[in-house]
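Everything below concerns the one structure shown next.
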Amino acid sequence: MNTPEWLKPGIYGAAIGAVIFGVVGFTWGGWVTGGTSSDRAMTMAHNDVVAAMVPVCLEMARTDPERAAKLEAIRAASTYQKRDALMKAGWATVPGADAPNRDIAQACLAELEL
């Protein structure tokens, strides 16, 4: 097929423009792939669940009959072991779960008035 000579620069310009448009869109335009979008959505959902469970943790801590002893154990723990002490206290275990959640424990520890 013979293409007219005047059509070739237009085709090359369109192809180069599409590549530049795509590069600019993904680098500065905020475009993301489906995988990146899914990862971000999962992270946001996880963070929202943790934030929603912090009041449950605080309520469990407030109503625990052994609150004073458990708070002293948490206070006595070193900085990097406080989360584990809170998990051992049982306040970071979501109702219906078998094990405590580390992220909920960390968020609850930040909200507790130690």
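Residue indices begin at 1 and follow the sequence shown.
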Nearest non-hydrogen partners of Ala77 and Ala85, listed with the distance: CB-CB, 4.2 Å
With a 3.5 Å cut-off and sequence neighbours excluded, list the donor-acceptor pairs that the side chains of residues 60-69 form with protein atoms.
| unit_1 | atom_1 | unit_2 | atom_2 | d |
| --- | --- | --- | --- | --- |
| Arg62 | NE | Glu59 | OE1 | 3.2 |
| Arg62 | NH2 | Glu59 | OE1 | 3.4 |
| Arg62 | NH2 | Glu59 | OE2 | 2.6 |
| Thr63 | OG1 | Glu59 | O | 2.9 |
| Asp64 | OD1 | Glu66 | N | 3.1 |
| Asp64 | OD2 | Lys70 | NZ | 2.7 |
| Asp64 | OD2 | Trp91 | NE1 | 2.8 |
| Arg67 | NH1 | Ala61 | O | 3.2 |

Using distance only, find each side-chain donor-acceptor pair of residues 97-114 under 3.5 Å and give its atom names and separation, not counting sequence neighbours.
| unit_1 | atom_1 | unit_2 | atom_2 | d |
| --- | --- | --- | --- | --- |
| Asn101 | OD1 | Asp103 | N | 2.8 |
| Asn101 | OD1 | Ile104 | N | 3.1 |
| Asp103 | OD2 | His46 | NE2 | 2.7 |

Euclidean distance, Trp31 CH2 relative to Phe21 CZ, rounded to 0.5 Å: 4.0 Å
Value rounded to 0.5 Å, distance of CD1 in Ile16 from CD1 in Ile11: 12.0 Å
Other residues, nucleotides, ligands: >12 heavy atoms within 6.0 Å of Arg40 CZ: no
Side-chain heavy-atom pair Leu7, Pro4 within 4.5 angstrom cut-off: yes
Side-chain donor/acceptor of Thr36 to backbone N/O of Val32, under 3.5 Å: no
N/O donor-acceptor pair under 3.5 Å between Ser37 side chain and Thr33 backbone: no
Same cluster (ILVMFWY, side-chain, under 4.5 Å), Met87 and Val94: no
